[in-house]
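This report concerns only the one structure given below.
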Amino acid sequence: MILNTGEKDNPITFSSHTGVSPSALIVQDMLDRVRREFISSNISFGDHLAVILEELLKLKDETSVINWDGYGAVALNNESFQVSEKFALSLPFDTPIPNVYAMATGEVVFEWYRGKRQLFSVMVGGDSTLSYAGLFGTDTDFGTVHFDEKIPLILISNIQRVYS
Amino acid sequence: MLSEVISTQEMLGRFLTSRTHFSNSDVKPAAFSPPPDLKLSVVRIDSLTLREIWNIGQTQVIDKLPPGRTLYGMGKLKVSDVQSQNLTVDPDNNPFYRHSSIIGWPEKAKWISITQQLAAVSELVLK
C-alpha cells in the first residue's frame, strides 16, 4: 500500500482561521455540510472519504449518550468530532480506510489495523491536538502533533508502516 | 474469599460491551479506553467458571445499561501485564465483589499506546 503525500494530497483544505461567533459557527457548519454532500455525491472524487464520514456519523449516533459503554463514558466530544471530520477529509486519497471509535473520555480515534501488533492510531483532541501511537511488532512509536490544514507527515509514514 | 492483596499472576477480565472492543480474533485497544475517572474496571476471574464470569458481566454491567445492549465476551490478561505498563491494579471490590480498578494512568498523550499494548497481550474470550 503506497501513500503519496504529494501528488494525491486531498485538495480539500480547511481554514485554520475559523471564526468563533455564533454566526461564524453556523456558516462553518453549512460549509462542512456542503463539503460532505459534494464528496458523497461524487464517487470518483471521494468514495472512500464518504465511507469514513459515514462511519464517523454512525459513531456519533452510537456514542452521543452518557455511559454508552456501560463503564461511565462521556458522550462524544463535539469539538473532537468536528476536527475529526476535517482530519478525515484531509487524508490523502489512497489512505486505507481506518476504523473509527470513541474513547470513553469523548475523543474520536482513527485506527489502521492489520493485527494486534501491527496497528497505528490517532486520537483527535477538540483543540486539534493529535495523539498518535503505533505498535509494529515489538516496536512502538507515539507522540503528539498539531493538526492544522494538512495531515502531518509523521502520521502518513506510520500509516504506511502498518501496511509495509 | 480472594486475598486482599492481588498477585502478579492473577487473571483479570475486561468485559467487552461494544463491537469496537474486538475483532474476529483479537481484543482491540478500544476495550481498554480509560473512563473519565481514570479507574478502568476489571474483574478478578481466578477460580470462576465462564458461566460465573458472564453472570457478573450481565448483572453488573449490561443490566445497568438501556435495554438491547450485549455482553460480547471479555479480554483476559494478567495483573503483571498491567503492571508492565506502569499501571496499578487496585482490588477495590467496589461496586461489587471481585471488581478491581486499573489506575495510575499517565497524561492523555500516552493512553493510546498503553491501550494498544494491553490489547496486544490480552486473550479474546467470546461469550
Measuring heavy-atom distances to chain A, does [X] have an atom under 4.5 Å in its side chain, in its backbone, in both, or in neither?
X: B/K108; value: both
X: B/S122; value: backbone
X: B/A119; value: backbone
X: B/R19; value: neither

Heavy-atom pair count under 4.5 Å with chain A, highest-scoring of B/R14, B/K39, B/K64: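 Top option by heavy-atom pairs under 4.5 Å: B/R14.
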Residue among B/A120, B/S113, B/P35 with most heavy-atom pairs under 4.5 Å to chain A: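 It is B/A120.
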Given heavy-atom pairs under 4.5 angstrom as the criterion, report whether the side chain, backbone, both or neither of [X] touches chain B.
X: A/E62; result: neither
X: A/D141; result: neither
X: A/T144; result: side chain
X: A/F142; result: side chain

[atom1]/[X]: more than 12 non-hydrogen atoms of other groups inside 6.0 Å:
X: B/E52; atom1: CD; result: yes
X: B/L126; atom1: CG; result: yes
X: B/E107; atom1: CD; result: yes

Donor-acceptor pair, side chain of A/T105 and main chain of B/P36, under 3.5 angstrom: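 Such a contact is absent between A/T105 side chain and B/P36 backbone.
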Heavy-atom donor-acceptor pair, A/Y101 side chain to B/H21 backbone, under 3.5 Å: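 Not confirmed, A/Y101 side chain does not pair with B/H21 backbone.
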Same apolar cluster (I L V M F W Y, side chains within < 4.5 Å links), B/W105/A/V74: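 Different hydrophobic clusters.
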ILVMFWY cluster, A/Y132 and A/I97 together (side-chain gap under 4.5 Å):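 Hydrophobic grouping puts A/Y132 with A/I97.
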For A/S121, all residues meeting side-chain hydrogen bond (donor to acceptor under 3.5 Å, both in side chains), sequence neighbours excluded: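 For A/S121 the side-chain hydrogen bond (donor to acceptor under 3.5 Å, both in side chains) partners, ignoring immediate neighbours, are B/Q116.
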side-chain contact (heavy atoms from CB on, under 4.5 Å) evaluation trace for B/L65 with A/W68: CA-CA 8 Å; B/L65 289 170; A/W68 53 267; over 6 Å; no
Could you check whether any side-chain heavy atom of [X] comes within less than 4.5 Å of a side-chain heavy atom of [Y], counting everything from C-beta outward?
X: A/M103; Y: B/P34; result: yes
X: A/Y113; Y: B/D26; result: yes
X: B/S33; Y: A/V109; result: no

Non-hydrogen atoms of A/D69 and B/T17 that approach each other most closely: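 Closest approach of A/D69 to B/T17: O-OG1, 2.7 Å.
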Spacing of CD1 belonging to B/I112 relative to CD belonging to A/E111, to within rounding of 0.5 Å: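 B/I112 atom CD1 to A/E111 atom CD measures 8.5 Å (nearest 0.5 Å).
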Rounded distance (nearest 0.5 Å) linking atom CD of A/E107 with atom CH2 of B/W111: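 Rounded to the nearest 0.5 Å, the CD-CH2 separation comes to 6.5 Å.
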Selection from A/V122, A/L119, A/T129 maximising heavy-atom pairs under 4.5 Å formed with chain B: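 Most pairs with chain B among the choices: A/L119.
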